[in-house]
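What you are looking at is a predicted structure, and each value in this text was computed from that prediction instead of being measured. Below, each value reflects all heavy atoms present in this structure, side chains not excepted, and no hydrogens, waters or symmetry copies.
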Amino acid sequence: MNHAHNIYDVIVVGAGHAGCEAALAASRMGCNVLLFNISLDAMAVMPCNPAIGGLAKGQLVKEIDALGGEMGRIADLTANHFRRLNASKGPAVQSTRVQCDKQQYRLAMKSVLEKQERLHIRQGLVEELIVENNCVTGVVDQTGFFYAARTVVITTGTFLNGLIHMGKSHFPSGRAGEAASLGLAHSLKSLGLETGRLKTGTPPRLKASTIDFSQMTRQDSDPDPEPFSFTTKELSHKRLFSYFTATTEKTHRLIRDNIALSPLYSGEIQGIGARYCPSLEDKVIRFSHRQSHPVVLEHEGFDTQEVYAKGLGNSLPPELQEKIVRSVPGLEEAEIMRLAYAIEYDFIQPTQLRQTLETKRIQGLYLAGQINGTSGYEEAAAQGLWAGINAALAVQSRPPFILDRGDAYMGVMIDDLIVRGIDEPYRMFTSRAEYRLILREDNACIRLMKHGFALGLVDQYHYEMTEERIARIQGGIQRLSSHKIHPSEENMKTLAALGVPAIKNPITHFQLLRREGMKYDGLHVFPDWEDIADPLVKRQIEIEAKYEGYIERQRDTVRRMKELESHKIPPDMDYESVQGLSNELKGKLSRVEPATIGQAERIPGMTQAAILALLVAMKKRETKGATAICPALTEE
């Protein structure tokens, strides 16, 4: 085995969305980083829909950006279609989604990576992890070359033991046209990590010039969108349209008559797919009462004919795929440029991870992205940023970076993964965030930028700008709360002109703003009103006023939750010796190893009686000393 001369602080394996964020974060924090990818032409590729954001995912992108990550910036730079989802609903569930130019996104991210100081990029296939005394010491590539590292972040996406299916044909691959990572999959299993098998897929890509868009419903981009990133000063005005059509009875008949050819139903595919994003075969069979299913066509870029056919994902043979596509209105003459397929891949059960995404079994080894059982670019990027930050902090002997469920959607996702584990691909939803009213897209910078600045990932200019904005919001609320309006005849006429119901008792301007239809600028008719030029400041004041009671209740709940999180469970807690616990709960606690009482309480099946028994046992035992630091993190 040949050895590299350098010892890297962090090695990142895989340059998908998780790997890119991990490598950038660690290098920007001062670490010497090596980033591996099987092909340098496939860094930051979007193998499925080239879109960023969406319901709950937009919140993740905003949080990544507030912490100094890159995804939001590149999305803004390459976006060609903007939508504000749930715009008619409350701010807690509103999310941004943008369609990006697939190739421009990849190239823009690649350029950022190549220019980053202390970040070294290498094309290669990592085949083995080297572990000594339960500490990772480096990796070996396909040539047998050893690269030493103090920490390693694995972000292999669907490449880990990947297997593509199209009808009765199946072959090893990480994505269509790219090699699977077989050696590394074997290496991880040999280290004793519990693995499972998941399945995902992608629809066909169609040639735009062969599509009759006139038969479809066109969707325009939002006219005045907001960017994802706080650093974006201006968005491009170039736009592309999306189009809506639907499957037909002919489509469904083709699938029903040939369902035996689907590896999903023939038993070829063993991996578990996502319930919330089923393939077309699944939709037709499981929802047989439906006459049609929606199909959305989205351009993959300005300079390509490829069109993404959302809703037509399947794993059927090529000749059948063509018939299915041409059974859809507007696609009668459509040509398939890339076939749809399903892919199975290995994942690591995430209950084997600490809050930092470091494995419990092997010190210095971090996992991020689809290897942890998640699905989606945004979930992967958030984990990559989280793992990259914590790998860098471990090398620098600094405290770990942790956000809890009351801090961020990221905290919700990480907690769900490490405490509950997964039995299907995990996707972020607003419903998973019990404190979603205070974890909104619009306040991500207010919530998190202080952390990005402390980590060295956000510059002082933008940090001070955000702190100044926070001060203006607080000052505006205090000012509105200190001025009252009385039920005088003149004020009643003013309120009627504004379309606001009459008042019987004096109320503050802040209370008036709470009323339906009342905006901040509507208060200009009253004395002591102060104009605010910043629309983001006005929006925050309006939201705080209109949802004041709900927001305060959630903040109280978060405070109580954080009290539970402050009760740390010793890492060497012997759950078998805890009296009052069932054998099932002893097994779950031993497997999950919750870091706090709050985490223990969220383990499925836990009861208040069990929590009380655990607290009693903790009081009886003496807290042992800290675990020794892994030598690989401290050696010169």
Side-chain angles (χ1 to χ4, degrees), residues 55 58-59 62 66 82-97 220-228 230 232-235 430 435-447 465-555:
L55 296 177
Q59 279 86 335
K62 286 279 193 177
F82 297 82
R83 296 294 297 175
R84 183 74 171 168
L85 305 181
N86 282 343
S88 63
K89 298 183 179 180
V93 294
Q94 293 180 10
S95 303
T96 301
R97 180 186 184 274
D220 293 351
S221 179
D222 287 348
D224 189 24
E226 292 182 8
F228 267 126
F230 64 85
T232 300
K233 295 181 179 179
E234 187 177 4
L235 295 167
T430 54
Y435 311 118
R436 55 188 171 273
L437 187 54
I438 59 176
L439 303 181
R440 307 183 305 274
E441 249 197 25
D442 57 78
N443 68 358
C445 281
I446 293 171
R447 289 185 281 117
M465 181 186 296
T466 298
E467 289 296 296
E468 182 183 344
R469 180 171 282 163
I470 293 171
R472 291 204 302 271
I473 293 167
Q474 294 172 343
I477 292 173
Q478 290 174 359
R479 188 172 60 255
L480 292 176
S481 299
S482 64
H483 296 297
K484 288 187 176 182
I485 174 174
H486 296 266
S488 65
E489 182 178 348
E490 181 180 353
N491 283 337
M492 292 302 98
K493 290 180 181 179
T494 301
L495 291 176
L498 291 171
V500 177
I503 60 172
K504 296 181 179 180
N505 300 301
I507 62 172
T508 67
H509 287 184
F510 190 66
Q511 291 171 322
L512 181 61
L513 188 57
R514 189 182 304 161
R515 299 200 164 198
E516 186 176 356
M518 194 67 192
K519 298 288 186 181
Y520 181 88
D521 287 341
L523 297 172
H524 76 279
V525 296
F526 299 106
D528 303 312
W529 178 80
E530 182 176 322
D531 189 18
I532 295 177
D534 189 338
L536 295 179
V537 171
K538 284 193 288 189
R539 177 171 169 77
Q540 291 302 309
I541 292 174
E542 289 175 357
I543 291 173
E544 289 287 334
K546 294 184 183 302
Y547 298 92
E548 182 183 24
Y550 301 102
I551 288 174
E552 193 51 45
R553 279 197 291 273
Q554 283 205 356
R555 286 174 177 157

message: Within the structure provided, determine whether Met518 and Leu523 are in side-chain contact (heavy-atom separation under 4.5 Å).
response: yes
field: salt bridge (Lys or Arg N to Asp or Glu O under 4.0 Å): pairs with one or both residues in residues 508-518, sequence neighbours excluded
entry: Arg514-Glu548
message: Out of the candidates His483, His509, His486, only one should pair with Phe526 under the ring-ring contact (aromatic ring centres under 6.0 Å, His included) rule; please name it.
response: His509
field: Side chain proximity check, Pro91 to Arg539, heavy atoms < 4.5 angstrom
entry: yes
query: Given the rule in the side-chain hydrogen bond (donor to acceptor under 3.5 Å, both in side chains) test, do Glu441 and Ser95 qualify, once you have shown the distances and angles that lead to the verdict?
result: CA-CA 7 Å; Glu441 249 197 25; Ser95 303; 4.5 Å; no
- prompt: Is it true that the side chains of Arg84 and Thr96 contain a donor and an acceptor less than 3.5 Å apart?
  reply: yes
query: For Gln474, does its backbone N or O pair with a side-chain atom of Gln540 as donor and acceptor, under 3.5 Å?
result: no
message: Give me the atom names and distance for the closest heavy-atom approach of Ala66 to Cys445.
response: CB-CA, 3.8 Å
- prompt: Does some side-chain heavy atom of Ile503 sit less than 4.5 Å from a side-chain heavy atom of Met492?
  reply: yes
query: Roughly how far, to the nearest 0.5 Å, is CD1 of Ile446 from CZ of Arg469?
result: 7.5 Å
field: Side-chain ion pair, Lys519 and Asp521, N-O less than 4.0 Å
entry: no
- line: Here the gap from Ile551 atom CD1 to Ile438 atom CD1, rounded to the nearest 0.5 Å, amounts to 8.5 Å
- prompt: Taking atom CZ of Phe228 and atom CG of Leu235, what is their separation to the nearest 0.5 Å?
  reply: 10.5 Å
field: Any Tyr520 side-chain heavy atom under 4.5 Å of Val537 side chain
entry: no
- request: Calculate, to the nearest 0.5 Å, the distance between atoms CZ and CD1 belonging to Arg472 and Ile532 respectively.
  value: 8.0 Å
- prompt: Got more than 12 heavy atoms from elsewhere within 6.0 Å of CG, Asp531?
  reply: yes
message: Could you report the tightest heavy-atom contact between Arg436 and Thr430, atom names first, then the distance?
response: CD-O, 3.2 Å
- prompt: Where do Leu55 and Val93 come nearest, in terms of heavy atoms and distance?
  reply: CD2-O, 4.0 Å
field: Heavy-atom side-chain proximity of Asp442 to Gln94 below 4.5 angstrom
entry: no
- request: Give a yes or no on whether Glu226 atom CD has more than 12 heavy-atom contacts from other residues, nucleotides or ligands under 6.0 Å away.
  value: no
- prompt: Between CZ of Phe230 and NZ of Lys62, what distance do you get to the nearest 0.5 Å?
  reply: 10.5 Å
query: In terms of the angle between their ring planes, are His524 and Trp529 parallel, tilted or perpendicular, with boundaries placed at 30° and 60°?
result: perpendicular
Ile507 vs Ile485 side-chain heavy atoms within contact, under 4.5 Å: yes
query: Could you state the interatomic distance from OH (Tyr547) to CG (Leu437), rounded to the nearest 0.5 Å?
result: 7.5 Å
- prompt: Which residue pairs satisfy the salt bridge (Lys or Arg N to Asp or Glu O under 4.0 Å) criterion with at least one member in residues 483-503, sequence neighbours excluded?
  reply: Glu489-Lys493
